[in-house]
Student: 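Just dropping this structure here.
FYI, the numbering just counts along the sequence from 1. Counting starts at 1 for both ligands and their atoms, in listed order. It should be emphasised that the depicted structure is a prediction, and the values quoted were computed from it without experimental measurement.
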Amino acid sequence: MSRVLLFTGKGGVGKTTLSAATAASLAAHGRKALVVSTDPAHSLGDALDVRLSAEPSEVDGSGGLFACQIDPRGLVDEAWGELRGHLRTVLAGAGVDELDAEELTVLPGVEELLALAEVRRLASSGPWEVVVVDCGPTAETLRLLSLPEAFAGYLERLFPTHRRVVRGLLAGVAGTGTVEKWDATADALSRLAERLDALRTMLADPSGCSVRLVLTPERVVAAETRRTLTALALQGIHVDSVIANRLVPSPGAARGAAATWLRTRRQEQDAVLAELTGIGEIRTVDHRASEPVGVPALLEVAAQLYGDEDPLPSAAVPESLLEVSGSGRGLDARYSLRIALPLADDTELDLARVGDDLALTVDGRRRLVALPSLLRRCIVTGAEMDSGGVTVGFRPDPSLWR
Ligand SMILES: Nc1ncnc2c1ncn2[C@@H]1O[C@H](COP(=O)(O)OP(=O)(O)OP(=O)(O)O)[C@@H](O)[C@H]1O
Ligand SMILES: [Mg+2]
């Protein structure tokens with residue numbers, strides 16, 4: 001399995017440019033790299049100054065850089081179209097109302113999901129050491145990254161419970177042909193669920209997959225960057241660096257109107273970056289006079305971005321989202337569960353105990369956190385939040401404790 005680097009960020013900040021530059025630099029250092037775009041606009045090809053297709057091809061004069069352009073629409077037609085047709089016929093045959101059947105077969109976000117599943121396929125089948133992915137803008141990508149979970153839940157609702165029920169229904173109302181069709185559809189859906197499961201495993205494994213968040217030093221972008229960091233952490237997805245693109249050059253001691261403009265602009269940009277504290281080191285790339293197009297220009301960008309460092313550092317040690325600590329004995333014991341998450345001052349947080357899980361809702365995004373067994377026998381006593389996460393207090397539940 002190749003390492004996977006996902007580049008994301010707000011629209012237009014430089015995701016395509018920086019993912020292409022990173023892949024070009026990896027290839028130039030003798031590491032087999034593939035850069036993939038899931039964006040239907042042909043911007044990756046534009047940045048590399050080549051024509052791309054859905055199949056990886058080597059970029060001329062790049063010394064081993066491969067690139068391709070995933071076509072999500074085509075994947076949907078190929079993988080989902082037929083399945084959907086089957087499912088609709090079968091459901092209608094089982095007496096499910098035409099409209100309900102339509103609703104059941106329009107699954108949310110199938111396009112994005114299949115694009116990511118295709119990335120996983122490329123990463124697990126190709127000769128590449130690294131697959132660099134030029135993802136869509138943040139909001140969209142986030143939705144996309146949380147999809148496997150949502151989607152798998154959706155499939156679980158249909159299967160396997162419904163499978164038997166529907167099959168029984170079909171045997172009663174339709175011929176054996178329909179039952180066979182249903183079995184084929186059910187099998188295809190289970191395979192899809194398996195693929196999604198593999199995808200989720202890939203996304204949440206920090207040693208195999210990480211995100212590079214791109215921003216430009218502007219206030220609105222910085223605010224969104226914080227929210228994105230929180231949302232990714234909530235999903236257990238590792239962010240290995242934050243990159244500020246398009247810093248205007250500092251004019252030094254030069255004078256005149258142009259120098260004053262640059263100085264003011266740069267001071268503002270520096271101020272925005274200075275406010276982004278507590279998120280680790282931010283790498284920077286200058287705003288260049290001409291657009292970095294083609295491998296040589298991209299390599300210059302990469303040289304500034306990574307300096308002498310390896311663009312692909314050794315895989316992160318998986319750090320746990322959860323940590324339990326405690327003191328005291330028996331019923332007097334007090335425990336606390338620390339959930340590590342970067343949080344902003346205005347983050348809206350909601351916590352609820354749902355059986356053996358904690359339901360954590362951050363700015364409208366929800367995640368279930370399975371409680372360690374010790375804490376399942378406890379009662380929640382309170383919760384506190386700070387910029388680094390949430391601490392939930394527990395004490396033993398006398399009715400469950402022995
Ligand atoms: N450091 C830079 N200096 C000068 N121009 C840049 C720099 N980074 C990116 N650009 C230019 O800015 C434009 C937008 O960059 P790019 O396409 O990489 O952004 P993007 O985040 O992929 O955008 P989108 O959200 O539309 O996919 C491009 O024309 C690109 O050549
Ligand atoms: Mg782009």
Student: Assess whether a salt bridge exists between Asp356 and Arg377, defined as any Lys/Arg side-chain N lying under 4.0 Å from an Asp/Glu carboxylate O.
Tutor: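 No, Asp356 and Arg377 are not salt-bridged.
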Student: Can you tell me if Ser37 has an N, O or S atom under 2.8 Å away from the Mg ion (ligand 2)?
Tutor: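 No, outside the cut-off.
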Student: Give a yes or no on whether a salt bridge exists between Glu300 and Arg288, defined as a side-chain N under 4.0 angstrom from a carboxylate O.
Tutor: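 A salt bridge is present here (some side-chain N lies under 4.0 Å from a carboxylate O).
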Student: Taking atom 19 (O) of ligand 1 as the point of reference, which of Ala21, Gly14, Gly136 owns the nearest heavy atom?
Tutor: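 Heavy atom nearest to atom 19 (O) of ligand 1 belongs to Gly14.
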Student: Can you find a side-chain donor-acceptor pair between Asp350 and Thr361 that sits under 3.5 Å?
Tutor: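 Checked: Asp350/Thr361 side chains show no N/O donor-acceptor pair below 3.5 Å.
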Student: Considering only protein heavy atoms, which is closest to atom 6 (C) of ligand 1, and at what distance to one decimal place?
Tutor: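 Answer for atom 6 (C) of ligand 1: Pro292 CD, 3.6 Å.
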Student: At less than 4.0 angstrom from any non-hydrogen atom of Gly11, what atoms of ligand 1 do you find?
Tutor: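 Listed by number with element, the hits are 25 (O).
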Student: With a 4.5 Å heavy-atom cut-off, do Val133 and Thr38 have their side chains touching?
Tutor: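 Contact flag for Val133/Thr38 side chains = yes.
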Student: Do Pro292 and Thr17 come within less than 4.5 Å of each other through their side chains, counting heavy atoms only?
Tutor: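 Side-chain contact under 4.5 Å: yes.
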Student: So which protein heavy atom does atom 24 (P) of ligand 1 come closest to, and at what separation?
Tutor: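 Ranked first by proximity to atom 24 (P) of ligand 1 is Gly12 N, 3.5 Å.
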Student: Considering only protein heavy atoms, which is closest to atom 3 (N) of ligand 1, and at what distance to one decimal place?
Tutor: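 In this structure, atom 3 (N) of ligand 1 has Arg288 N, 2.9 Å as its nearest protein heavy atom.
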Student: What are the atoms of ligand 1, with element, lying closer than 4.0 Å to any heavy atom of Lys15?
Tutor: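 Every atom of ligand 1 under 4.0 Å from some heavy atom of Lys15: 18 (O), 19 (O), 20 (P), 21 (O), 22 (O), 23 (O), 24 (P), 25 (O).
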Student: Using heavy-atom distances only, which candidate in Lys10, His287, Arg246, Gln304 approaches atom 14 (C) of ligand 1 most closely?
Tutor: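 It is Arg246 that holds the nearest heavy atom.
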Student: Under 4.0 Å from a heavy atom of Glu291: which atoms of ligand 1 are those, numbered in the order shown and with their elements?
Tutor: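 Those atoms are 29 (O), 31 (O).
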Student: Under a 4.0 Å N-O cut-off, is there an ion pair linking Asp310 with Arg31?
Tutor: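 Salt bridge flag = yes for Arg31 with Asp310.
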Student: Suppose we measure from atom 27 (O) of ligand 1 to each protein heavy atom; which comes out shortest, and what is that distance?
Tutor: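 Checking every protein heavy atom, the shortest distance to atom 27 (O) of ligand 1 gives Asp39 OD2, 3.7 Å.
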Student: Nearest protein heavy atom to atom 8 (N) of ligand 1, by residue and atom, and its distance?
Tutor: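 It is Asn245 ND2, 3.0 Å.
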Student: Should one rank Val301, Thr17, Asp286, Val293 by closest heavy-atom distance to atom 2 (C) of ligand 1, which comes out on top?
Tutor: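 When every heavy atom of Val301, Thr17, Asp286, Val293 is considered, Asp286 comes closest to atom 2 (C) of ligand 1.
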Student: Nearest to atom 17 (O) of ligand 1, what protein heavy atom do you find, and at what distance?
Tutor: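 Residue, atom and distance for the closest contact: Thr16 CB, 3.9 Å.
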Student: What I'd like to find out is whether the side chain of Leu247 reaches to under 4.5 Å of the side chain of Asp270, using heavy atoms alone.
Tutor: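 A side-chain contact exists here, since the closest heavy-atom pair is under 4.5 Å.
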Student: Are Arg219 and Glu224 close enough for a salt bridge, meaning some N to O gap below 4.0 Å?
Tutor: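 Here Arg219 does not pair with Glu224 in a salt bridge, since their nearest N and O are not under 4.0 Å apart.
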Student: Any non-hydrogen side-chain atom of Leu65 less than 4.5 Å from a side-chain atom of Leu26?
Tutor: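 The answer is no, as the side chains (C-beta and beyond) never meet within the 4.5 Å cut-off.
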Student: Taking only non-hydrogen atoms of Ser43, do any sit less than 4.0 angstrom from ligand 1?
Tutor: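 Per 4.0 Å heavy-atom rule, Ser43 does not contact ligand 1.
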